[in-house]
Amino acid sequence: MTFSREILGWYRRNKRSLPWRNTRDPYKIWLSEIMLQQTRVAQGLPYYQKFVERFPKVEDLANASEEEVLKLWQGLGYYSRARNLHAAAKTVAYGHQGRFPDTYDGLLKLPGVGDYTASAIASICFDRPEPVVDGNVYRVLSRFFGVTQPINATGGVKYFKTLAREVMDGDHIRDYNQGIMEFGAVQCTPKSPDCGVCPLRSGCVALQKNTIDSLPVKLAKTKVKTLYFNYLVPVSPEGKTWLRQRTGKGIWRNLWEFPLVETPKEALIDEVRGGLADFPQLGNAVNVYRYNENPIVHKLSHRHLHTVFWVVETHDGFEGGVSFDEADKYPVPVLIAEFLKTFKNSYF
DNA sequence: AACACGGGGGT
DNA sequence: ACCCCAGTGTT
């Protein structure tokens, strides 16, 4: 029994029922693949349902505003995926007459579609014999074949791609690719895989050598930095506030937030008062006070954001003010969304 | 080659 | 606290 036959057999017996498993529509497959980049199925699933309902066809997505796309994406993270999704939808709808490319090379040209996603769409929708190599595949291959090359070094990436191509079943690529990923997600898990009932146990090098827990090998990632965020929460006499859109290329690009004062360490109230000068709309502040006693530590994969919200009550209204209910219509980071929820309940 | 980019869930 | 997740794009 070959590796690929075992994978196909296991997949037939164990595959989960997922909405994108019942279609070859490249729009739906593409949508699911973008959403599942660095994202668990359980987290992406409700977003997939929302997007398919609101945007049944790629033209619907192409014709939406970026604001709406980001709002629907809110909470899923890695927001460049949403911006690229929107851009790619426009390309497909208006540059390719609504048809997705049906080759690896063609798909790879779409923004947000890299090696993995191009291979996934080409194989699942068009039966192209392209191997997928995602986090699951790295784990399964490294363990079964006992590969100790780091999965996140240039040489390792090439090695695993070549190995994946050698052991795939090009005649059943659609099920094989989904099968090896599903096998990694369900059976060959990162922690405590149940090797006792694994159909591949007799041929698994790592199991034989007792190296399951040390595979795959991964180079250390860069360490987390701590940043100090001070959000100024304007409140006018009419109870309105003020949001602005983030620009540039850092985190949360194009999402909305309160005026932000970033400091090298935790700020004192006088520093925050000084920061008001950067925002002319807040020049008539009559009262500034700290909202949360202890900083909220919002954890991203590469940043810890120590955040304090400062309520800034003004004497007059300001240009561009919105009510706190209207604020919920804007795409905002989870950090801001959670603040809005508690603040509305406590302040008013 | 190294880093930026979110948020949630498991251990 | 650390790891991982159906990775991609930029520097």
Side-chain angles (χ1 to χ4, degrees), chain A residues 11 15-16 18 20-21 29-48 70 73-85 87-88 107-121 123-124 131-140 150-158 160-161 164 174 176-186 188-193 213-227 246 248-255 297-305 331-338:
Chain A
Y11 183 57
K15 66 176 170 185
R16 293 168 290 183
L18 297 170
W20 48 84
R21 293 248 162 94
I29 299 298
W30 164 72
L31 190 55
S32 72
E33 293 297 346
I34 301 297
M35 286 183 167
L36 294 178
Q37 288 168 5
Q38 294 292 285
T39 305
R40 290 170 192 279
V41 167
Q43 189 187 1
L45 193 47
Y47 288 85
Y48 175 82
L70 285 173
W73 196 273
Q74 180 180 310
L76 198 53
Y78 284 158
Y79 297 93
S80 67
R81 290 184 293 171
R83 298 190 304 268
N84 286 332
L85 185 83
L107 290 159
L108 196 56
K109 291 190 171 68
L110 295 173
V113 174
D115 173 71
Y116 162 77
T117 304
S119 303
I121 301 172
S123 60
I124 293 171
V132 292
V133 184
D134 73 336
N136 294 305
V137 175
Y138 280 123
R139 189 167 53 255
V140 172
I151 64 172
N152 56 344
T154 306
V157 170
K158 284 193 62 176
F160 278 96
K161 179 89 181 185
R174 175 181 157 83
Y176 171 80
N177 273 346
Q178 295 186 80
I180 189 171
M181 291 191 284
E182 187 83 339
F183 180 78
V186 174
C188 194
T189 49
K191 304 282 184 189
S192 316
D213 290 338
S214 58
L215 291 176
V217 174
K218 203 170 184 177
L219 267 32
K221 54 178 189 332
T222 54
K223 70 187 263 283
V224 176
K225 284 181 189 158
T226 297
L227 301 178
R246 287 184 69 96
K249 38 183 192 175
I251 59 172
W252 302 330
R253 169 145 59 135
N254 293 9
L255 272 63
V297 183
H298 188 73
K299 293 179 177 180
L300 309 180
S301 51
H302 60 306
R303 298 279 185 269
H304 286 182
L305 308 177
V332 297
V334 165
L335 174 62
I336 300 294
E338 292 185 338

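Letters A, B, ... mirror the listed sequences (proteins, then strands); counts begin at 1.
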Sugar-phosphate, base or nothing in reach of A/Ile34, heavy atoms under 4.0 Å: nothing
Side-chain N or O of A/His302 closer than 4.0 Å to phosphate OP1/OP2 of B/dA4: no
A/Lys161: which of A/Val132, A/Asp115, A/Val137 passes side-chain contact (heavy atoms from CB on, under 4.5 Å): A/Asp115
From CZ (A/Arg81) to OG1 (A/Thr117), nearest 0.5 Å: 10.0 Å
Which residue lies more 5' along DNA chain C, comparing A/Asn84 with A/Lys221 via nearest heavy atoms: A/Lys221
Sugar-phosphate only, base, or nothing, as touched by A/Arg139 at under 4.0 Å among non-hydrogen atoms: sugar-phosphate
A/Asp213 CG: over 12 foreign heavy atoms closer than 6.0 Å: no
Test item: side-chain donor near acceptor, A/Tyr116 and A/Glu33, under 3.5 Å: yes
A/Val113 or A/Asn136, whichever maps to the more 5' nucleotide of DNA chain C: A/Asn136
Touch class at under 4.0 angstrom, heavy-atom based, for A/Arg21 against every strand present: base
From CZ (A/Arg246) to CG (A/Asn254), nearest 0.5 Å: 10.5 Å
Touch class at under 4.0 angstrom, heavy-atom based, for A/Asn177 against every strand present: nothing
Distance-only donor-acceptor test (3.5 Å): side chain A/Thr39, base B/dG7: no
Rounded distance (Å) that lies between atom P of B/dG6 and atom CZ of A/Arg303: 10 Å
Nearest-nucleotide comparison on DNA chain B, the residue closer to the 5′ end among A/Tyr79 and A/Leu219: A/Leu219
Donor-acceptor pair under 3.5 Å, A/Gln43 side chain vs B/dG8 base: no
For DNA chain B, the dot-bracket pattern of Watson-Crick and G-U pairs whose distances stay under 3.5 Å, | for other-strand partners: |||||.|||||
Value rounded to 0.5 Å, distance of CG in A/Leu305 from CH2 in A/Trp252: 5.0 Å
Side-chain N or O of A/Trp73 closer than 4.0 Å to phosphate OP1/OP2 of B/dC5: no
Sugar-phosphate, base or nothing in reach of A/Gly250, heavy atoms under 4.0 Å: sugar-phosphate
Nearest-0.5 Å distance that lies between atom CZ in A/Arg40 and atom CG in A/Leu45: 14.5 Å
Value in whole Å for how far the C1' atom of B/dA4 lies from CD of A/Gln38: 12 Å
Point-to-point distance, once rounded to the nearest 0.5 Å, from NZ of A/Lys225 to CZ of A/Arg303: 5.0 Å
Pairwise P distance for C/dT10 and B/dG6, with rounding to whole Å: 14 Å
Pairwise 5' ranking along DNA chain B for A/Lys225 and A/Glu338, keeping only the more 5' one: A/Lys225
Gap between atoms CZ and C1', on A/Arg40 and B/dG6 respectively (whole Å): 14 Å
Sugar-phosphate only, base, or nothing, as touched by A/Gly184 at under 4.0 Å among non-hydrogen atoms: nothing
Nearest-Å distance once atom P is located in both B/dA4 and C/dA6: 24 Å
Any A/His298 side-chain nitrogen or oxygen under 4.0 Å from OP1 or OP2 of B/dG7: yes
A/Ser123 side chain to A/Ala120 backbone, donor-acceptor under 3.5 Å: yes
Sugar-phosphate, base or nothing in reach of A/Gly77, heavy atoms under 4.0 Å: base
Length of the line joining A/Ile251:CD1 and B/dG7:P, which is rounded to integer Å: 8 Å
First-last contacting nucleotides on DNA chain C - partner chain A, under 4.0 angstrom, heavy atom: C/dA1 to C/dT11
Sugar-phosphate, base or nothing in reach of A/Ser192, heavy atoms under 4.0 Å: nothing
Length of the line joining A/Asp213:CG and B/dT11:P, which is rounded to integer Å: 13 Å
Salt bridge (charged side-chain N to carboxylate O under 4.0 Å, His left out) against A/Arg83, all qualifying residues, sequence neighbours excluded: none
Distance (rounded to the nearest 0.5 Å) between A/Tyr78 OH and A/Gln38 CD: 5.5 Å
Touch class at under 4.0 angstrom, heavy-atom based, for A/Thr222 against every strand present: sugar-phosphate
